[in-house]
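Following: one structure in structure tokens, then a few remarks.
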Amino acid sequence: MQSAPFLLDRLGRAGMSDVVTVEPATGGLAALAGIATRREAPPVFVKAFAEAPDDDVFVAEAEGLTALRELGGVVTPEVILADRELLVLSVLRPRPRSEAFWERFAHMLAHLHLSTAHPRFGWHRDNWLGRRRQTNSWHDDGFAFFAQHRLLRWLGEPRVEAALDRDDRAALERLCHRLPDLLPDRPACLTHGDLWAQNVLATADGRPALIDPAVSYLWAEVDLAHVWSTSPPPEAQRFFAVYAELTSLDGDWPARMPIVQLRQHLAVLAQFDDDWGAGDQIRATLAPFRTRS
């Protein structure tokens with residue numbers, strides 16, 4: 001489908017009749033997106049689904065942006081419109097290629113995680129990770145929440161069923177059972193939930209800004225693992241050291257990242273024909289938990 005005519009039509013249906021053109025935007029994987037030029041107003045970012053998975057996708061995303069900004073002090077785009085068909089946001093810029101930017105982002109992310117501690121795991125509503133609903137039912141036990149709602153929930157997805165054999169699935173269940181031995185017992189905090197490098201942008205004055213959240217109260221390392229595991233650029237090297245110092249993170253954290261990132265690899269495997277190596281990463285992480293004769 002050609003995204004520009006489709007988005008232009010959706011904007012018109014939403015009452016934004018001053019849009020002149022829509023230029024397709026790159027980077028997103030689940031939805032159609034573009035930058036809309038307007039006659040007498042600043043341009044806006046717009047995205048929509050050709051076939052939306054449900055009516056609450058964009059409302060939940062807009063709420064997540066607001067929560068990150070109001071609860072955690074994170075810079076996010078202004079929400080101009082969010083309804084069942086369309087999300088319209090103020091326009092951000094590509095992030096600069098500088099170590100100073102990533103150090104600034106480390107301070108922002110550390111503040112988000114340190115300032116939003118919560119006694120329970122979950123969120124007051126379900127939201128979305130790509131085209132799949134993210135269940136956020138409240139739970140007192142972070143290990144049980146992560147196992148049930150972030151790992152095992154993907155086993156019923158057709159692409160996951162096809163990619164992982166019976167021993168792989170059994171290994172995932174063993175890993176989930178052993179989570180209290182494999183990961184430290186951390187409190188919940190507000191997490192972005194889909195923090196790969198493409199979702200880190202910048203404001204006009206160069207401040208880090210985040211888009212495309214799938215928020216919940218969960219372990220901070222869910223966000224850290226996503227940055228760590230998705231090929232951050234060379235200038236991001238200091239980000240991890242600064243974040244670790246600000247949050248008093250122990251030195252063993254890199255060894256935990258493959259386990260924490262299983263959630264995102266499973267989500268990619270479930271939703272896209274090209275899994276960009278996610279299946280291999282999952283099998284490598286699960287290998288120690290497979291049965292041995």
| note | By side-chain contact (heavy atoms from CB on, under 4.5 Å), E173 pairs with (sequence neighbours left out) L152, L155
| query | Sequence neighbours excluded, which residues qualify as side-chain hydrogen bond (donor to acceptor under 3.5 Å, both in side chains) partners of W154? | reply | none
| said: Check whether T76 reaches the backbone of L210 with its side chain - one donor and one acceptor, N or O, closer than 3.5 Å. | reply: no
| query | For F143, what residues pass the ring-ring contact (aromatic ring centres under 6.0 Å, His included) criterion, not counting sequence neighbours? | reply | W219
| task | Only counting residues at least two apart or in another chain, list the ones meeting salt bridge (charged side-chain N to carboxylate O under 4.0 Å, His left out) with R104. | result | none
| query | Taking D194 for the side chain and A214 for the main chain, is one N or O donor matched with an acceptor at less than 3.5 Å? | reply | no
| task | Begin with the C-alpha distance, continue with both residues' side-chain angles, and end with the deciding distance and a verdict on salt bridge (Lys or Arg N to Asp or Glu O under 4.0 Å) for D165 and R290. | result | CA-CA 11 Å; D165 63 25; R290 293 172 66 96; 3.5 Å; yes
| request: Look at atom CD of E161 and say whether more than 12 heavy atoms of other residues, nucleotides or ligands are closer to it than 6.0 Å. | output: yes
| field | For R178, salt bridge (charged side-chain N to carboxylate O under 4.0 Å, His left out) partners two or more places apart | value | none
| said: For a quick test of reading the model, state the closest non-hydrogen atom pair linking Q198 to I211 and the distance between them. | reply: O-CD1, 4.1 Å
| task | State, with a plain yes or no, whether a side-chain heavy atom of F45 is found less than 4.5 Å away from one of I80. | result | no
| message | Applying side-chain hydrogen bond (donor to acceptor under 3.5 Å, both in side chains), can you list everything that pairs with R97, at least two apart in sequence or on another chain? | response | none
| task | Report the relative orientation of the aromatic rings in W138 and Y217; use parallel for angles under 30°, tilted for 30 to 60°, perpendicular for over 60°. | result | parallel
| query | Ion pair present between R38 and D18, side-chain N to carboxylate O less than 4.0 angstrom? | reply | yes
| Spacing of I282 atom CD1 and L175 atom CG [to the nearest 0.5 Å] | 11.5 Å
| field | Spatial distance of atom OG1 (T191) from atom CH2 (W123) [nearest 0.5 Å] | value | 9.0 Å
| query | Only one of H113, H107, E103, R238 clears side-chain hydrogen bond (donor to acceptor under 3.5 Å, both in side chains) with Y243; which? | reply | H113
| message | Under the criterion salt bridge (Lys or Arg N to Asp or Glu O under 4.0 Å), I'd like the reasoning laid out for R256 against D250: C-alpha separation, chi angles, the key distance, then a yes or no. | response | CA-CA 11 Å; R256 298 192 291 270; D250 65 274; 3.0 Å; yes
| Relative to the ring of F49, is the ring of F58 parallel (under 30°), tilted (30 to 60°) or perpendicular (over 60°)? | parallel
| task | Kindly write out the residues that satisfy ring-ring contact (aromatic ring centres under 6.0 Å, His included) with F101, not counting sequence neighbours, or none if the list is empty. | result | none
| Taking only residues two or more places apart in sequence or in another chain, which ones pass salt bridge (charged side-chain N to carboxylate O under 4.0 Å, His left out) with D141? | none
| request: Output all residues satisfying salt bridge (charged side-chain N to carboxylate O under 4.0 Å, His left out) with D56, sequence neighbours left out; order by chain, then residue number. | output: R125, R133
| message | Run the ring-ring contact (aromatic ring centres under 6.0 Å, His included) test against F105 and tell me which residues pass, sequence neighbours left out. | response | W102, F239
| remark: So the salt bridge (Lys or Arg N to Asp or Glu O under 4.0 Å) pairs with at least one residue in residues 57-75 (sequence neighbours excluded) are K47-E61
| note | ring-ring contact (aromatic ring centres under 6.0 Å, His included) pairs touching residues 68-89, sequence neighbours excluded, are none
| task | Could you tell me whether the side chain of R95 and the main chain of R207 form a donor-acceptor pair under 3.5 Å? | result | no
| query | Does F121 have its ring centroid less than 6.0 Å away from the ring centroid of F146? | reply | no
